[in-house]
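To start, the structure under review is shown below, and the notes come after it.
Remember, it's 1-based here, ligands and their atoms both numbered in the order they're listed.
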Amino acid sequence: MEFERFESRVWLSSPTMHEDEQFFVKNAFDTNWVSTIGENLDQLEKGIGEYVGCKEVVALGAGTEAIHLAVKLAGVGRGDKVMCSDVTFAATVNPVSYENGEQIFIDSERDTWNMDPVALEKAFSMYPDTKAVIVANLYGTPAKLDEIKEICEKYHAVLIEDAAESLGATFRGKQTGTFGKYNIISFNGNKIITCSGGGALLTDDKEGADKARFWATQAKESFPWYQHKEIGYNYRMSNIVAGIGRGQLIHLDEHKKRKKDIYMRYKEGLKNLPISMNPYLIDTEPNFWLSCLLIDREVSEGKSVEWKRVTPDMIREKLEEYNVESRPIWKPMHMQPVYEDRKFVTAEEGEDVGADLFARGLCLPSDIKMTEDTQDVVIEMIKSCFGLVI
Ligand SMILES: *Cc1c(COP(=O)(O)O)cnc(C)c1O
């Protein structure tokens, strides 16, 4: 079958706007609350708090800023060890370096592709003085959050949950972004809902939230003149940006449903291929932010008798030819040149689950504006890479 190049690009995940965003943004203009205070900010923080089920929400300029403040709240300073998810976006772990801490990367498990509690426990037996743990929920799939939380409690380490990709996902009925002492979400343009850019710190710790607000507004002490006892940051979100988020929040459940439909359609459409989809635990409900495939090892290594060799790059290049975006699995942090001096702990000696996922996995276009017809064509394109033609 001959495919035609798509005229407009099929995206991995791009912003999906409705009418409500413009209503709230216009409202900010009409009332002249265009800076870093206003009703949109208050309502966005309130709305997120109610949706997720946490007491304090601090809207910020980016999810990365929220992680930075969470790392500071955890008391991480020079030379402090922080155990981090290995297969994640760099923003999960970079803020540890902002505070001169030292990341220890924890390998993934195969049930959710997230931080392996077995490797985490092992890492604590090696480095019991670790200050904090940062766990990310990759592609919207909750990690083994209860086990990870328990291990952190056992070793008195502060848990920070990076729910940037997983807003709306639940672990045994409880929303992600509530398992850590400090948690973060992101409103970056590619996430399940967006503010154009932005993020938030989520916590039940009122004192911590107040401290984060203080740091985020240049650490201004309450004096008539500008008085500073600490280094601050300019991390607050604008009320205009918050208006976009306020409008988007109305549509979060709808976005979630469409993401799930996309995942299920891939699962069904690709079921006869030597691949599996990004897995999740039965008692969790991901938000299905990104659908991913993992090619069976023998096939990706060219050792299958039944199938020809197919690699993620071959599929990615084929899709690109037709203007369809896909992306390799996030390259593990322990494989990044910038972190080559950091420690990496795996459950089994000589094992490296992260490297294996990176070698065999691919993120598929999961944009909720993609029509069923378009997705069907993408599925056929993937099948054709494996030599299946309709
Ligand atoms: C997007 C993302 C971030 C960073 O969020 P920003 O709002 O872009 O700063 C952090 N962690 C993960 C896992 C992400 O995917």
Side-chain angles (χ1 to χ4, degrees), residues 11-15 44-45 48 57-72 82-98 103 105-106 108 112-115 132-143 145 148 159-169 176-177 179-180 182-202 212 216 233-238 241-242 244-245 248-249 255 259 278 286-292 327-333 336 338-339 354 357-358 361 363 366-367:
W11 298 101
L12 211 63
S13 184
S14 73
L44 177 65
E45 289 181 343
I48 291 286
V57 177
V58 184
L60 297 162
T64 311
E65 296 171 1
I67 297 173
H68 184 198
L69 297 183
V71 165
K72 277 177 73 76
V82 180
M83 292 175 186
C84 304
S85 289
D86 178 54
V87 181
T88 185
F89 184 59
T92 303
V93 309
N94 285 342
V96 173
S97 293
Y98 302 171
Q103 297 88 346
F105 299 119
I106 308 297
S108 293
T112 75
W113 296 3
N114 287 301
M115 179 185 278
V133 170
I134 310 179
V135 61
N137 301 307
L138 189 69
Y139 305 136
T141 301
L145 292 166
I148 288 168
L159 179 60
I160 297 169
E161 189 191 352
D162 177 355
E165 299 176 2
S166 68
L167 178 59
T176 61
F179 286 83
Y182 306 111
N183 313 278
I184 78 97
I185 56 172
S186 166
F187 300 115
N188 188 35
N190 64 352
K191 298 296 173 359
I192 193 154
I193 60 169
T194 182
C195 290
S196 71
L201 177 80
L202 279 51
Y233 305 86
N234 186 3
Y235 277 180
R236 281 297 276 177
M237 182 187 274
S238 118
V241 162
I244 303 175
Q248 287 267 289
L249 186 54
H255 286 199
K259 290 280 189 189
N278 45 330
N287 70 2
F288 299 98
W289 175 57
L290 287 190
S291 293
C292 308
R327 193 182 279 273
I329 297 299
W330 293 185
K331 185 172 181 177
M333 290 302 119
Q336 300 288 355
V338 70
Y339 289 124
L357 297 174
F358 180 60
C363 302
S366 309
D367 195 88

Side-chain (N278) to main-chain (G361) donor-acceptor, under 3.5 angstrom
no
Within the 4.0 Å heavy-atom cut-off around ligand 1, the contacting residues, ordered by chain and number, are A62, G63, T64, I67, T88, F89, A91, T92, D162, A164, E165, S186, N188, K191, G198
Not counting sequence neighbours, which residues clear side-chain hydrogen bond (donor to acceptor under 3.5 Å, both in side chains) with Y339? List them please.
N94, Q103
F358: which residues meet the ring pair (Phe, Tyr, Trp, His ring centres under 6.0 Å) condition with it, sequence neighbours left out?
none
Quick one about T112 and N114 (side-chain donor to acceptor, distance below 3.5 Å, no hydrogens or angles considered), yes or no?
yes
Could you pull out all residues at least two apart from W330 that satisfy ring pair (Phe, Tyr, Trp, His ring centres under 6.0 Å)?
Y139
Closest heavy-atom pair and its distance - I244, C195:
CD1-O, 3.4 Å
